[in-house]
Asks: 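One structure follows; several queries about it will come next.
What you see below is based on every heavy atom in this structure, not just the backbone, and it leaves out hydrogens, waters and symmetry mates. If you're wondering where the values come from, they're calculated on a predicted model, not measured in any experiment.
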Amino acid sequence: MVAPVSDVETAEAWYERLLGRPADARPMPSLADWHLTAGGWLQVFEDAGRAGATFVNLEVPDLDKALAGLAERGLTAGPVQTGGERTRLASLEDPDGNRVTLLENPVA
């Protein structure tokens with residue numbers, strides 16, 4: 001997943017708060033990335049022309065716990081919604097307006 005941002009330093013600080021840890025790598029000055037699973041990662045890449053137009057979905061095992069962690073780190077998501085029969089989700093936006101949605105899907 002790649003989220004284009006207008007300023008990588010600002011985005012890196014915000015995503016550190018979102019994910020609760022610093023970036024795993026800064027392979028180039030305009031890029032920060034977090035290795036989330038063995039085969040998946042989130043990158044923020046400085047591209048002001050495309051910033052704010054991305055949707056990032058992150059699956060979490062416990063949405064309530066994830067939202068409490070966000071609150072402890074000074075971030076607030078919108079209201080919890082349901083999707084399908086058992087999926088719960090809540091969204092927030094990064095400083096550029098990229099939408100980040102946390103999804104809890106016990107069926108998966």
Asks: Would you find a donor on one side and an acceptor on the other, under 3.5 Å apart, between the side chain of Arg17 and the backbone of Gly20?
Replies: no
Asks: Could you check Val5 against Asp7 for side-chain contact (heavy atoms from CB on, under 4.5 Å), going step by step and ending with a plain yes or no?
Replies: CA-CA 6 Å; Val5 298; Asp7 179 80; over 6 Å; no
Asks: Could you give the distance from CG (Leu42) to CG (Asp24), rounded to the nearest 0.5 Å?
Replies: 10.5 Å
Asks: Is it true that Val8 and Phe45 fall in one hydrophobic cluster, defined by side-chain heavy atoms closer than 4.5 Å?
Replies: no
Asks: For the hydrophobic clusters of this structure (ILVMFWY residues joined by side-chain heavy atoms under 4.5 Å, transitively), does one cluster hold both Val2 and Phe55?
Replies: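 No, Val2 does not connect to Phe55 through the hydrophobic network.
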Asks: Could you tell me the separation between the CZ atom of Arg86 and the CG atom of Asn105, rounded to the nearest 0.5 Å?
Replies: 8.0 Å
Asks: Between Ser91 and Val100, is any pair of side-chain heavy atoms under 4.5 Å apart?
Replies: no
Asks: Just wondering, do Gln43 and Leu31 contact through their side chains at under 4.5 Å, heavy atoms?
Replies: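 Of all side-chain heavy-atom pairs linking Gln43 with Leu31, at least one is under 4.5 Å.
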Asks: Are Asp94 and Leu18 close enough, and set up right, to give a side-chain contact (heavy atoms from CB on, under 4.5 Å), and what steps lead you there?
Replies: CA-CA 9 Å; Asp94 75 8; Leu18 175 75; over 6 Å; no
Asks: Show your working on side-chain contact (heavy atoms from CB on, under 4.5 Å) between Leu92 and Thr76 and close with a plain yes or no.
Replies: CA-CA 7 Å; Leu92 63 163; Thr76 304; over 6 Å; no
Asks: Quick one: CG on Asn57 to CG on Leu103, what's the gap to the nearest 0.5 Å?
Replies: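 With rounding to 0.5 Å, CG (Asn57) is 5.0 Å from CG (Leu103).
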Asks: Please report the closest heavy-atom contact between Arg50 and Pro4, naming both atoms and the distance.
Replies: O-CG, 3.4 Å
Asks: Any link between Met28 and Trp41 through a network of hydrophobic side chains (Ile, Leu, Val, Met, Phe, Trp, Tyr) touching at under 4.5 Å?
Replies: no
Asks: Look at Glu16 together with Arg73 and state whether they make a salt bridge at an N to O cut-off of under 4.0 Å.
Replies: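 Salt bridge: no.
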Asks: If you round to the nearest 0.5 Å, how far is OG1 of Thr101 from CD of Glu59?
Replies: 13.0 Å
Asks: Could you check whether any side-chain heavy atom of Leu89 comes within less than 4.5 Å of a side-chain heavy atom of Thr82, counting everything from C-beta outward?
Replies: no
Asks: Evaluate whether atom CZ of Arg88 has more than 12 neighbouring non-hydrogen atoms of other residues, nucleotides or ligands under 6.0 angstrom away.
Replies: yes
Asks: Checking the side chain of Asp96 only, and the main-chain atoms of Ser6 only, is there a donor and an acceptor separated by less than 3.5 Å?
Replies: yes
Asks: Do NZ/NE/NH1/NH2 and the carboxylate oxygens of Glu104 and Lys65 come within less than 4.0 Å?
Replies: no
Asks: Mind checking whether Trp34 and Tyr15 have parallel, tilted or perpendicular rings, split at 30° and 60°?
Replies: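 Geometry flag for Tyr15 against Trp34: tilted rings.
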Asks: side-chain contact (heavy atoms from CB on, under 4.5 Å), that's the test. Do Trp14 and Val44 meet it? Break it down for me.
Replies: CA-CA 11 Å; Trp14 189 88; Val44 293; over 6 Å; no
Asks: What distance separates Thr10 OG1 from Glu46 CD, expressed to the nearest 0.5 Å?
Replies: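 Going from the OG1 atom of Thr10 to the CD atom of Glu46 covers 9.0 Å.
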Asks: Checking the side chain of Asn98 only, and the main-chain atoms of Gly52 only, is there a donor and an acceptor separated by less than 3.5 Å?
Replies: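 Checked: pair present.
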Asks: Group every Ile, Leu, Val, Met, Phe, Trp and Tyr by side-chain heavy-atom contacts under 4.5 Å, then state whether Leu70 and Leu36 land in the same group.
Replies: yes
Asks: Which distance, rounded to the nearest 0.5 Å, do you find between the CD of Glu72 and the CG of Leu67?
Replies: 11.5 Å
Asks: Please report the shortest heavy-atom distance between Arg21 and His35, naming the atom on each side.
Replies: NH2-O, 2.9 Å
